[in-house]
Structure formats: C-alpha cells, structure tokens
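Inspection log for the structure reproduced underneath, given as structure tokens.
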Amino acid sequence: MTAATETPLLECRRVGKRFGGIVALCDVDFSLRAGEVHGVVGGNGAGKSTLMKVLAGALPDYEGTVLLAGQPIRLNTPQASLAEGIAMVYQELSGIGQLSVAENLFLGRQPTTRLGRIDWTTIRRKAREWLADLEIDVEVTRRLDSYPLVVRQMVEIARAVHSGARVLILDEPTSALSPPETRRLFALVQRLRSRGVAIVFISHFIEDVLEICDRVTVLRDGRLVETVPKAGLDKHELIRKMLGHRLEAAEVGYETGVRLRARTRELPVFVAEELSLAGGFSDVCLEVSPGECLGLYGFVGAGHQELVQTLGGARRASSGRVLVDSHPIQPGDPHDSVCRGVVLVTADRAQSLFLKGEIYKNVTLAHLRRVAGRWLMRSREAGATRPVLQRVGCRPPDPLLAAGDLSGGNQQKVVFARWLMGEVRVLLLDEPTRGMDVAAKEDVMRLVAGLKQQGTAVILASSEPGMLLTHADRILVMSRGRVTREFADIETDKAALIRSA
Amino acid sequence: TASQSTGEGGRQRLRAAFSSAGLQGTWNKLGYDAAMLWGDLLGVEVVWFDGEFDGQKQREKIELIVDDDWDFCAFQAHQTGILEEPVKRLKARGIPVISMDTLLVERPRLREAGVWIEIAPDHAAMAEASTRYLMEKIGGKGKVIHIGGESGHSGAQDRERGFNNIVGKYPEVKVVGGGVRWCNWKTEIARNTFDTLLQESDEPIAGAFFHNDDMALACTPALAGSRHEKMVVTAVDGQKAGLTGVRDGLLAATSVNPTCMIHGYSLIVGQFIVRNKEKIDEVPKQIILPSPLVSKESGNLDAMFFLSDPRHCLV
Amino acid sequence: MSDLSNSSPFFRRWDARDIAPLVSLAVLVVFFTLAAPNFLKVATITAILKQGSVLAIVAAGLTFVLLCAEIDLSVGMAALWCACLCGWLYQRWIGGGSSEPFMTTAAVLLVPLASCLLLGFLSGVLTVWSALPSFIITLAMMFIAEGSSRYLTQSKLLKIPEVLAVLGNDGLQSGGRVVVPYSAMLAAGVLVAGHVVLQHTRFGRYVYMTGGNREAARLAGVRTGRIVVACLVISAATAGLGGLVNAGRMTNVTLDQNKDLLLSAVACVVLGGTSLFGGEGGIGKTAIGVLTFTTLNTGLIQITWINDLARQLLTGVVLMAALVINGVLAKRR
Amino acid sequence: MSDLSNSSPFFRRWDARDIAPLVSLAVLVVFFTLAAPNFLKVATITAILKQGSVLAIVAAGLTFVLLCAEIDLSVGMAALWCACLCGWLYQRWIGGGSSEPFMTTAAVLLVPLASCLLLGFLSGVLTVWSALPSFIITLAMMFIAEGSSRYLTQSKLLKIPEVLAVLGNDGLQSGGRVVVPYSAMLAAGVLVAGHVVLQHTRFGRYVYMTGGNREAARLAGVRTGRIVVACLVISAATAGLGGLVNAGRMTNVTLDQNKDLLLSAVACVVLGGTSLFGGEGGIGKTAIGVLTFTTLNTGLIQITWINDLARQLLTGVVLMAALVINGVLAKRR
Ligand SMILES: Nc1ncnc2c1ncn2[C@@H]1O[C@H](COP(=O)(O)OP(=O)(O)OP(=O)(O)O)[C@@H](O)[C@H]1O
Ligand SMILES: Nc1ncnc2c1ncn2[C@@H]1O[C@H](COP(=O)(O)OP(=O)(O)OP(=O)(O)O)[C@@H](O)[C@H]1O
Ligand SMILES: [Mg+2]
Ligand SMILES: [Mg+2]
C-alpha cells in the first residue's frame, strides 16, 4: 500500500444533492488521498455517480463543502473541476459520436500550434500511442460512433487517464470490458497511483474493487455507510455492507470448476447457418433448443457481440441465414424478429432507451398491443409496468419518472423489463446486466432462468466469464470473428475459458 | 440587333424578351396573355422571364439573358432600380428597352440608363377615381377601411396617395384603424386585418377601399349577414374577377388597371420602333394609359368584359 | 427518496415545461388588454378562432412530423395545391352552373385531398428510402406542389364550391353574429382527433418513440420507416384540408394563398413547446402555440395608436418580450 | 486539410456521406448540359458564381449555427436590416453628394455590420438565457429586423455606396467581360475563413462538440452557451455582409430584398449534407450545397423549351430526381 499524506487531497463534508423531491445524496463525507485508489461501492441508485458528478463539477447546486488540499472550493462547473485537475470517466459515456476517435481523446483541450491552429498531427500521433498503450486497435481518424461500446469506453478511459489530472474518477469503467482490457486498465491505474494520482474506482465487480483499491467507501440509499481500508474486508462482508443484508452466494463454484451440459437432443428452436457480417464475424453456425442457454464468450472485438446483434436483426448479415422454428427471418429487420418472439437486450442503453420519455413508455414499447390494447391509458400502462419494474428491482419503481432520471444500473433494468412484458421464444442477451449491482444481477438472471424453465431459448453473450459459467448450459468461444471452441459436456473454469479465447 | 427569318407577308419575325414582377399574380398573368396574343398576331416571338415576385430572381434571370439576341425588351421591374445594370448592358448593345408599369429606374435617369419609353397607368388616378366613387356613395361621411398592397411597391404608394388626396377633402370621413393597413397584396393578411377591423366598430362601417380586387374579393364574404352588410367596397384592377364582382354586387366599383394595354402596347410600340427603325428621340418618354372606372352605373361594364376577355386582351 | 412531487400524476401534469407556453399567451393577453381597448370582447375571440383555424388544422398534422423528428416543408404549398386542384375541378365539373350536385361536389373536395395523401406518401417513401433528411425531400416536394398549382391554374383566380365558403365564413350564430365559426369547430375536431391518436393509440406512441430514439424503437420492433411515412401523409392531409378551408374563407383560390403558412405553422408548433428534435410535445401544446400566435396577430391589428409601418417591429418586440418573460419565470420556478 | 489526408486519406475522403451531395450536383450538371445547349459556357459559370455568392456568404455563417444544433431564422431579415441601415446612413451622411469620402463610406458600411453583430448577440444571449429553442427566439428577431427595416426606410428605395455596387456587379475581366466577380471572391474568402475556423481552431471544434453532444461538451469544459452565442453572432454578421453584397448587386436597397434568403440558405446548408441536428457537416459541404442550388436555378433559367409557368414544377422535379439518384447510388455503395 502506498503512503498516505496527512491532509487528504480532496475532501467532501456533508455533501448532499436533491433532484426535485428525490434525495440522491445526503450528508456524505468522503476523502481521497494522493496516491490511493479509493473504491466506491453501493447498490444501484446508492448515489455513487451523483457524488462523483459533484466532484467533477457536473452538478452545480449541491449542498455541503468540498475541500481541495485543505482549502474549501466550490465546484460549480466542469471547467472549475478540470482546472483543479479533477477528471472523470462518466458512467453514461460522454464521447461525441460524430467526431473522430482521435479528437475524442482531446475533447476540450485540443493541442494547438503556435499559430493557434489545431495540431491535428499531434492529435493523431498521440491518439495512436495512447490506444496502442491499451492495446486496442482502431483507426483513429474514423468516427467514434462507428465503433462498439467497448471501444468507446476505452477511449473515454484513455482520455481521462492522459488528462494529467491529479484526481481521476472512474465511474464503472470496466462495465463493458473483458478481462484482458481490465488487466491493462489496472496496470495503468497502478502506474498512475505510483505517480501520486488519487483515483476513485467505482464498480459492481467486487473482486476488482478488492483487488485494486486501498480503501473502500460504501454508500447505501444516498448515505454513507462507512469508509474502510481494504485490509480485513472480504467479498461477502462488503456485499453485506452495501445491501444491508447478506446475499446467498450463487456465483461461487466457477472458481473451482463448473460442469457444462451436453447438447440436448431436442429440436433446436433457433438456428443460424453460415452467418457472416462484413467486418464482424464469418461463417458462424449455431443452434439453441428451448430451455437451453447458450453462452458466447470472447474478448473485445471477437465478434460475439456483433453476432448477437445480428441474430436479433439489429444488423443485417452479409450472408447466411437465421431460422426460428425453421422459418427464416428477414435479415436486418427487428420487426420480423420481434414478431417471431426473438428478442434482443443490448448492452448499449443509448440504443434501447428514450431517456427523456417516461419509464412506462420505454417498458411497454415492444408489447404495446398486449399490455395496453387498442386504447392506451397512462394509468393502465403504468399499472402494468409497476410489477415488472418491481420484479427486475428497479428503484424507484415509479413508471412515470423519465428513464433518464434513473441511475445507470436501474436504466439497464428498464431495458430488461421491456422484454418481460410479453412472450419470448428466443432471448438474445448482449451483456444484459451491465452496470447492475450484485443483487440485481442475481434477480435478473433468476428471471432469465425462470424464462428458460418455461421453454425460452437463451443466448447470452458476455465478456464476463463468471456470468457465463453460472448461467450458460453450453459456451461457444469466439475469437477474431470465428467460433474457435465449444465447451459442452465438460467441466471447466474461469481460467480455462479465458485461456481459450 | 438580331433580325430573323421572315414571316408570312415577307415581314420580319422579331424576338422580344419580356419580364414581369411575377406570373403568380392574376393581374400579371393577364398581361402575359396579352403580350403572347399580340405577339402571335404581329409576328413577334415573346420569350418570358418570370420575376417570381422576387427582385433577386428577376435580376438573375435578366442578367443571364441580356447577351442573347433580342430585337427589343420590355420589363416590369419587381422594384425600381434592380434591373438597372442589365438594362445598361442592353443600352450598350443598342437594344430598345421599354419600362412597363413600375419604373425601371427613377424617372430623371430613364434615358441615361437606356430606357426608351415608360408605358404605365396612373396609379394615383385609379385610386382617386375609385375613392371618389366611394365617397359619393357613402355621402362623404362615416368610417372607411383602407387596405394597402405592399408598402414598398411604387404602385401601391401611388394608390395610397390617390386615396388620401380624395379622403383629405372629406373631414367627416374617418379611416378605421388609424390609416392604411399594408397587407403585402396577400389575401389572407388582408382578410385577417379586415375581419379584425370590422370588430373595432359597433356602428356600421360605411366603406372600404382596397389596393386590388383580389384582396377585396377575399374580404367581402366577411360582410354577408353582419352589421356592415351595406358597406361600399371599391378597389383597383378591373379585370375579369373584379368586373364579375361589380356585376354580382360584391364590389361597388373598380378602376381598370389596364394590364393588357400595358403589356400589349409595349409589344406593339416595341415592334413599331424596330420595324420603322425609329430613333430614341422620336419616341415620347412616357405613355400614360387610361384607367376607366367601372361600376353598375358607369355603363361600361359590358364593354370592359369584352375588352378584357382573354380572346381579345384589350384592356 | 420517494416524494410526492415526482410521482404524483398531478404534479407531473403541471410540469414547468408544460406551463411555459401558457405564460407567453398570458403575457400577450395582458398586454393587448392594456394596449387595445377593444381587445377583450367576444368578437375578438371569434376573430381569433376564425383566423387560427387554418393554422390549427395544419399545425396539428405538422405536430406528428415534428414529433417523429422530421420536418415537412411542403405543408404550405400542399395546401395551395389542394385548393387549386379543387378550384380547377370545380371549374371543369361544375363550371358556372348554379347548382352543385352532391356527388360531384364531394368528388371536387375529395379528389384534391386524396392527391395530398399521395403527395405526402411520396415525400415519406422517398425520405425513408433515400435516407436523406426530410428537409430537402420535402423542399423539392414544396417546389413540385407550388409548380403544379401554378401550371394547373395558369395563375387564374378560381372559384370553389359554395360549401367551402360556408365552412370558411359561417358559424353558429348568436344575436345575429357568428360566434363559433364552423372552421373553428372543424379545427377543434382535428385537434381532438390528433390528440387522441397521439395519446391513446399505439400508432401515436410509436410516433413519440420513433422521434425520441429511432434506433431503440426499431430494435423494439417498431417499423419506424412506416411511422415516418404515415406522419408525412397525415401532415399532407391536414395541410390539404387547411388549404381548402382557407380557400373557402377567401371564397376563391389564387396563387398567393398559403405563402406564409409553412413558417407560421412550424412556429406555432414550436412556440407551443414541441421539440424540433422529436419525441417531446403534443397536440395540446400545439393548440396553445396556435392561440398564442393568432392572439399576437389579431391583437396587433387592433392597436390603432401605431403607424402601420411600425407594426411589424412591434410584433417582434412584443413576441420577444413574451418569450423572455416566459424565460424569466421558468428560471424562477 | 492536407495533413488530414495522410493518415488514412482514402477512407476519410471518400466516405459515402461526403460524396452524396456531389452526386446531386453532378446529376444536375449532366441534365442541364443535355437540356440547355447554352449551359456549358464560361458565362454560365460566371453567372453561377455571381448568383451564388450572397447565398454562399450567408450559408457559411449559418453552417456554424446548424453545426451547433441551433437554427437562425433571422438571417434573411438581418441581411435586409443591414442593407437598409446602410442605405439610410448613406442618405443621411453622404446624401446626394457626388463624392464619397473614404471614412464616411467606411462608417456607412461598418455601422450596419456592427449592428448585425449586436442583433446576433442579442439572439444568442436570449436563446441561452431563456433556454427556449433558438427557432422561436430568432423568429421574433426576424420580425424585429424586418420591422425595423420597414420603419427605418419608411418603405422608400434607398441608395447605397458606390463601392457596394462595384462589389456586387464588377469583377476581374477577361475579353471585356466579367469572369470572376468580386462578390464571388469575397464569398470564397468567407468560405475559406469559415472552413479554417471550423477545422483548425479550438473554437471551431467546440462548435462541433456543442452540436454533437451538448452535455458531453459541457462536461469536457466547453462553455456551450458562449459557443451558441458566438455562432449566432457569426451568422448575423455573415447575413449582414450578404445583405450588403445583395444590395450592391441591385444597386439600391428596397424592402423586398432577401425574402427567400432564409429558406435558400438553410436549404443550401442541408443540401450539402450538414445535419439539422448538429455536429455533422462543414463549410466544404455547404459550398457544394450552394453550388447545387445555384446550378439548379441558373440551369433552369437557361432551359427555353419550357413554358415559364411550368418552370417551377420542373425545378421541383429535377431537384427531386437528383436527390433520388443520389439515394440510389448511396444504397448501392
Ligand atoms: N437527473 C436526475 N434526476 C432525478 N433523479 C436522479 C437524477 N440522476 C440521478 N437521480 C437519482 O439519484 C439517485 C442516485 O443515482 P446515482 O446515479 O448516483 O446512482 P449510482 O449509485 O450511480 O447507481 P448505479 O450503480 O446504478 O449507477 C437515484 O435514485 C437516481 O434515480
Ligand atoms: N486532421 C484530422 N485528424 C483527425 N481527426 C480529424 C481531423 N480533422 C477532422 N477530424 C475528425 O474527423 C471527423 C470528421 O471530420 P470532419 O469534421 O472534417 O467531417 P466531414 O464532415 O467529413 O468534414 P468535411 O466537411 O471537411 O468533409 C471529425 O469528427 C473530426 O473530429
Ligand atoms: Mg452510477
Ligand atoms: Mg468538415
């Protein structure tokens, strides 16, 4: 552990924040020392992001005081925070899709030549360097929105890490990353720590928090539970502090090994034949039977996420076909897929939520006919939505709230809730629990298991080995756009899975 | 200048460029019909360039065609002055230019800029005749409404002047709404204004003068069944729609703004200049056309119907 | 965490954003009451209803288009086209005849409306299919509609069926005066129908979601292309209807009609608070926008102490003041 | 510009979205070459340059506004106001005098431009501060600008300094004919300056950021409010400049000038491929848009085999065809 200085670099005293009538944060004390990695954990909606946004100057009217190196300061604008050397990676990514990857690494601080011109050469060179550093391979002059979520998250991280900040706030930076990327990020974080940068690390992956953090602050319902040094903390303890109760550990086992099932004899309900997507994957064949969960595993760029999107009709395959009950479905037409009960839950919330719209509108969208009938009534829809929100554990479960007013994890629950409103024959999940807390993950995956029991076929794409080992019956491993291995009917564990990818 | 193949009778066929403010206007379109009809009869090929009621567009069109071969040109500028540059280029090439209706350039500089003749009606006189009739009908007292065209349009400005000249003589006449209401020749604006002004007064309003028939005809339906039903409405233009309005009793009177004469005479005079090889000093600077008043009593209603008929295009 | 202010439907109904347009309207009413002695009368309200009805009809359809994050520049000229075709058919089929047989008259009215549907359908299909912004596709459509009108009518003034003149000018009377114009009743009907469709049908919901997040709607199985086409069809249809009512009010059709309709209609929708970026707003807001805009115009006409040449300046200043006061109050809240 | 190309020039340069507007332009050129024998001549190009220059100047400024996801409806009337004030000052300070002293003339030109800056500043500040859409704030500003022009000039035709007439009508000559108009040179200057600012200064990149994702830009430390104000100031300034050039071209100023400028300018920017939703596009595209639009207008004038009443219909059809062909090709690729 690194040495901690006497006065904390950054200190919050009785910080609070309300949104209208909702108290998001109340009397929270928080301190951050130079050269430490400080974990912040808490359930969805606990106020983690809100606290960090206060520090980043994104929320002007907070209560309480913030002290920087012992001096009270007011962080009313992002500029104020940036000027004090506080940089943040936001949970809801804030890159600008229309601009190039390179430029996104320099948002708001583009280097200029002596004549005041933007120094595009430097921008591109540095961008390449930094991204090579994180070992991601992208063309830096292409538009950011031509890349998937993972890349966008990595770009955000690279931007913040290289901003020269003395306080670096990472709000769920690893939610879309796979283990190798996470490793590289941790290496980077260690380097920064040794340079005396103070780092806040927010994550729902408790192991990660325990691995990298020196101290951990726990929030619950907008209040501070406590701040504890890592020493003497274990996973269960931490979860108990977060949730206020114990959680029956389900995600055990895979450390020691899990026995996967064999391919079933049943007639497959969902079949992909020689499916290819230019620049994504090629010649993928797979089949899933009712009541079976097929896992797709791969690292960033392996193509497993593109595959799931293509199967759900979000993208149009360049060749091959997809059959449901031996009926081919129209490529690139989600309507046809949805009509046949093929449903896609995406990781990228920007792709699936109308943030300014009320939650109930977002939830009933796909099954409007079933839920609301011919004559839509707000009260009826809200009434139908409320129980589903409760089932996925959305907090607050108020269907009239705008979706954008929810915390990140709760937004993801709304995405999920949409597909619980109607019949599902094939459920395609692309990192479905991104940003959910451990308890919510459990709840949601239990719902998936319930659907499976009723005969739904599930395809689960994830970069999280634990998730797959717990919930998948078979696992296909993808690498560079091809299926490289199938795990079925054998016993395997996390390490084996990662090794094979 | 160009001389083309000879038409029947061994007469030279001529080619002329015409442009008017905008063919969307019913009045302007009638002028177009007149020029086309008389062009056919007199062996003049008329090529038309629509100003689309947009000075810039008209300017662009004329600019593009001044270098082509024309025997003469006749333009009604959307606004005085905007065609000065291209007209100067026509002057340099010795092509006669006739100014129709709206002045091409300000009057003192007409010849200097290259305009041979101005053929125009007297807008003030039209308005005076129409207003005088209105005053007589309402007995020289009461409230009247004055709906104007476009405030920047020289014809409209003259009509406003004509109206004021007459009304000034009747101290007992009050203009509702504080004076002229400019409505940009737009029927909807005129109607909205008219409707609202009708509300202003609890006693019947005696009369209304409109700068053109189209606006007047769009407004008269507001009178039916209201306390202003007896209102005397007069206007300007006196073409088919307006004449029909007079016949049907919607309008009390309208002054003929002789579009066929303006456009037709321009063509006729232009071809004489070219065919007779007349010199610029031999032609008058200005030809002012008559603008008779038409009402039920004036006795010229049938004549005007005949003259303005699209088959004759005479007034 | 839970607090009634955010969960109770009542509070939500009266969200600051919803009130804002009403503030502008209220400011205008107060201003004109003080500035024009004749303003606060039943007659003024009747005038506002009459003048606002065309705008309301057209703006109602346009609201659909704006809600799904598109724009329709052809509304004004579609209105013109509809009226011109009606006039042309009237001249051909009924001519100067004094009687207007029912079936023929119906055809004279319905054929132009059907042609507007076709026009909107074309705009929609071409927009969706070419993936170009509806702005330029409907711009081209605007030229086509205006050009067709001009070519068809040859710039002549055309008569239209008597029934339109009645619709445009008459109304329910009281004390010998028209108090509730038929056109306003039609407009109210269109507004209510639009509101019901948007708030209480699946199609309406899809319009909002298509505008709010097109990709999300698509992935949830909404055929967003069809929604866009449908919205453009609706907007063309209401534009055509508006054009007929307007021609009826003028009792004939000329090419100078509906020139300002596009800008006014978009202004009404936006003034009401519907977003140009889609997904937010509704017919209720559009109704307020139309009222605001029409009140502004009517009120200004009633001010007599100002030179007519300064009237437009006053229009701008009054509108700006109303907007700014609206802004101040929104800040306070 | 040039340094951009060496990284992966091919891909960036030949993005389908970038080519699309060029396709429309090409289609038009081919069409007119076939349809109008006089089209392919130096004189036509000169005419296009001359006619397009006002539009180019105004559209350049408007591009800034659209890029930051706002709109400026006041451009047309700001142009008019600038010209009117110039004419009014000319009449007051120089009058009928035959000589035009340098300093006075400069003042006659600069004061109106400065007033446009102020006008844009006002629109900007009120937009940002009231948090209402720029659409309605600049709509009110449009009324104010037009009303002020009307009041100031009292609807009279006003003269303007000789230098503007030269700027608007003369140019570099060759063989006794103007080949490169001065106004086109000015327009080119404005376009290049605009491009450099947008692509190579921080301010320019902030404009893109503000339009691309306002919240993200704010979080990255950009003062988005100021960017919006600055863009509206720029657009008002270019509008004023365009108004002066246009008045110069007409050799005097009247109230009917610049009536269609707003719609044409927005059309040019969007036609070029700049998004109405902000963040995408640029001055290069706007230049193509202006060329396309002007070519369309100029080419159509040169078609003589068509009745003038049908010309506008043809405009619409040709534009739609060019857009649709563009759409087909984009699909193929
Ligand atoms: N803009 C907003 N308007 C209203 N309520 C908000 C807003 N932003 C956050 N909240 C509320 O504040 C509370 C705290 O949210 P916050 O985003 O800080 O949670 P979090 O701890 O980051 O959760 P997660 O793990 O899901 O990201 C939540 O109840 C959320 O609904
Ligand atoms: N020299 C450069 N190097 C790297 N990225 C650049 C450079 N110039 C621009 N970009 C980025 O590339 C993206 C696209 O660039 P640009 O704005 O030029 O788009 P465009 O629409 O193609 O422009 P143009 O109008 O010049 O064709 C922008 O988002 C910008 O961030
Ligand atoms: Mg969060
Ligand atoms: Mg660019």
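Letters A, B, ... mirror the listed sequences (proteins, then strands); counts begin at 1. Side chains included, hydrogens not; waters and symmetry mates left out as well; all remaining heavy atoms used.
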Revision key, fill the gap. Under 4.5 Å to a heavy atom of chain C? For A:Ser337 that would be neither
Point to revise | Considering all heavy atoms, the nearest A:Leu365-C:Tyr206 contact | key: O-CE2, 3.9 Å
Check your understanding: With no hydrogens and no angle check, is any side-chain donor or acceptor of C:Asn213 less than 3.5 Å from a backbone partner on A:Ala350?
Key -> yes
Point to revise | A:Leu353 to C:Ala216 - nearest heavy-atom pair and separation | key: N-CB, 3.8 Å
**Study point:** Closest contact, heavy atoms only, A:Phe354 versus C:Tyr208
**Key:** CE2-O, 4.2 Å
Review point. Is the number of heavy atoms from other residues, nucleotides or ligands under 6.0 Å of C:Phe203 CZ greater than 12?
Key: yes
Point to revise | Selection from C:Arg205, C:Arg214, C:Arg218 maximising heavy-atom pairs under 4.5 Å formed with chain A | key: C:Arg205
Review point. Is the count of non-hydrogen atoms from other residues, nucleotides or ligands lying under 6.0 Å from A:Arg220 atom CZ greater than 12?
Key: yes
Check your understanding: What are the two closest heavy atoms between A:Val338 and C:Leu219, and how far apart are they?
Key -> CG2-O, 3.9 Å
Review point. Distance-only, no hydrogens or angles: does the C:His200 side chain make a donor-acceptor pair with backbone N or O of A:Leu376 under 3.5 Å?
Key: yes
Review point. Side chain, backbone, both or neither: which part of A:Ala24 has a heavy atom under 4.5 Å from chain C?
Key: neither
Review point. Looking at A:Arg369, A:Arg418, A:Arg374, which has the largest count of heavy-atom pairs under 4.5 Å with chain C?
Key: A:Arg369
